[in-house]
Amino acid sequence: MPELPEVETVRRGIEPAMVDATFVTVEQRRPDLRFPLPVDFATRLQGQRVISLGRRAKYLLLTTSGGEVLIMHLGMSGRFTVALGQGLTETNGARSDLVGEFAHAGVCNPKHDHVVFHMSNGSIITYNDPRRFGYMDLVTENALADCHHFSKLGVEPLGNSFHSTALASMAANRTTNLKAFLLDQRHVAGLGNIYVCEALYRARLSPRRQASCLALSNGKPSARCERLVPIIKSVLEEAIAAGGSTLKDYAHTDGSLGYFQHSFAVYGREGEPCLTPACSAKIERNVQAGRSTFYCGNCQR
DNA sequence: AAGAACTCCTGTTGGC
DNA sequence: TGCCAACAGGAGTTCT
């Protein structure tokens with residue numbers, strides 16, 4: 001379940017295989033992912049050179065020499081595997097020899113290989129997505145900021161505009177709970193279930209508390225908000241440094257694993273002891289906004 | 001308008 | 001062993 005750190009890890013994994021290379025062939029093996037693929041998807045990409053590969057929240061943004069941007073979202077189970085072309089150095093652990101091995105091991109069933117990019121440097125980048133919650137779109141560079149994917153998207157949590165005053169303003173008068181508020185991409189863009197659970201635990205904030213508890217009081221962000229913002233940043237930064245979290249649906253572009261799941265304090269730990277020293281409570285689980293929330297009812301208030 | 005519920009999808013898991 | 005329901009969840013849509 002790729003959230004911001006996993007998407008950033010994927011970006012770093014496929015960047016060396018794609019940037020400065022040209023799309024030779026784009027294989028589109030089905031008409032749609034979650035949504036229909038763009039009209040003339042393959043032909044619009046073929047012959048274009050990749051200028052850059054960026055990221056906005058959980059979206060990958062590939063800018064082409066033709067002035068179009070390929071927007072890619074991994075959804076729940078989207079995955080890229082890379083077979084590096086000859087002469088490309090192994091970067092970020094992208095090892096071409098592993099791709100077949102992992103496919104053979106059934107980790108990545110080839111029947112869900114929906115889009116395959118063949119690059120001029122010999123690299124082959126394959127998009128595999130069993131649940132097809134992912135999607136791809138093509139828009140012109142000029143239309144990018146106003147397209148429906150981004151027009152309502154909130155602040156980038158690792159950017160400079162994400163600070164306690166900004167979060168406090170967004171939270172003003174919000175009656176929804178903290179968990180749902182932080183999952184809403186219109187506020188902070190890039191957080192998902194795992195990192196919201198982990199950040200709220202570290203900040204010792206109950207996921208059931210009203211979001212408005214973060215709001216300004218006496219013109220200043222609440223102490224809770226001041227505490228939460230740097231924690232959100234550090235959780236994401238640590239996860240990126242660890243290469244993301246590997247759960248059922250996510251692995252690196254080379255099939256290898258991220259390591260941040262070993263740092264989970266609450267996610268997936270229902271019934272296990274809280275890791276806070278001197279706390280003897282067990283991690284609880286309930287459902288908020290249709291997702292499992294894991295928390296310590298004793299430490300998080 | 002905000003917030004909650006529902007929807008899409010398929011592999012995995014647990015109960016019988 | 002086999003079958004089936006429940007579950008996982010990002011984000012768009014629909015409802016209240």
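In what follows, every chain begins at residue 1, and chains take the letters A, B, ... in the order their sequences are listed.
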In whole angstrom, what separates [X]'s [atom1] from [N]'s [atom2]?
X: L74(A); N: dC8(B); atom1: CG; atom2: P; result: 22 Å
X: L33(A); N: dT10(B); atom1: CG; atom2: P; result: 12 Å
X: Q185(A); N: dA11(C); atom1: CD; atom2: P; result: 4 Å
X: N286(A); N: dG9(C); atom1: CG; atom2: P; result: 13 Å
X: D184(A); N: dA2(B); atom1: CG; atom2: P; result: 10 Å
X: R131(A); N: dG10(C); atom1: CZ; atom2: P; result: 10 Å
X: D129(A); N: dT10(B); atom1: CG; atom2: C1'; result: 10 Å
X: Q210(A); N: dG3(B); atom1: CD; atom2: C1'; result: 12 Å

Reckon [X] touches a base, only the sugar-phosphate, or nothing at all at heavy-atom distances under 4.0 Å?
X: H148(A); answer: nothing
X: Y135(A); answer: sugar-phosphate
X: R30(A); answer: nothing

**Prompt:** Using the rule for Phe, Tyr, His and the six-membered ring of Trp, do F133(A) and dG9(C) stack at under 5.5 Å and under 30°?
**Reply:**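 Base of dG9(C): stacked against F133(A).
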**Residues in contact with DNA chain B, drawn from residues 167-180 of chain A - heavy-atom cutoff 4.0 Å** =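 Output list: R174(A), T175(A), T176(A).
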Can you tell me if the side-chain N/O atoms of [X] get under 4.0 Å from OP1 or OP2 in [N]?
X: R34(A); N: dG12(C); result: no
X: H73(A); N: dG10(C); result: no
X: K152(A); N: dT13(C); result: no
X: Y267(A); N: dA8(C); result: no
X: H149(A); N: dA11(C); result: no

Just checking [X] against [Y], ring centres under 6.0 Å apart?
X: F260(A); Y: Y195(A); value: yes
X: H73(A); Y: F133(A); value: no
X: Y127(A); Y: F117(A); value: no

**Prompt:** Is a donor-acceptor pair below 3.5 Å formed from side chain R291(A) to base dG10(C), judging by atom type as modelled?
**Reply:**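 For R291(A), whose side chain was compared with the base of dG10(C), there is a donor-acceptor pair (under 3.5 Å).
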**Item:** Side-chain touch H148(A)/D137(A), heavy atoms, less than 4.5 angstrom
**Value:**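 Heavy-atom side-chain distance check passes, below 4.5 Å.
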**Asked** Can you tell me how far OG1 of T165(A) sits from CG of L167(A), rounded to the nearest 0.5 angstrom?
**Response** 9.5 Å
**Request:** Can you figure out which of dA11(C), dA8(C), dG12(C) approaches the side chain of F35(A) most closely?
**Result:**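 Output: dG12(C).
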**Request:** Given salt bridge (charged side-chain N to carboxylate O under 4.0 Å, His left out), test E6(A) with R11(A) step by step and report yes or no.
**Result:** CA-CA 9 Å; E6(A) 289 75 34; R11(A) 190 195 70 75; over 6 Å; no
**Working for salt bridge (charged side-chain N to carboxylate O under 4.0 Å, His left out), residues E272(A) and K282(A)** = CA-CA 5 Å; E272(A) 294 178 41; K282(A) 286 183 163 45; over 6 Å; no
**Prompt:** Got a sec, which residues hit side chain to side chain donor-acceptor pair (under 3.5 Å) with H187(A), two or more places apart in sequence or on another chain?
**Reply:**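 For H187(A), no residue satisfies side chain to side chain donor-acceptor pair (under 3.5 Å) once neighbours in sequence are set aside.
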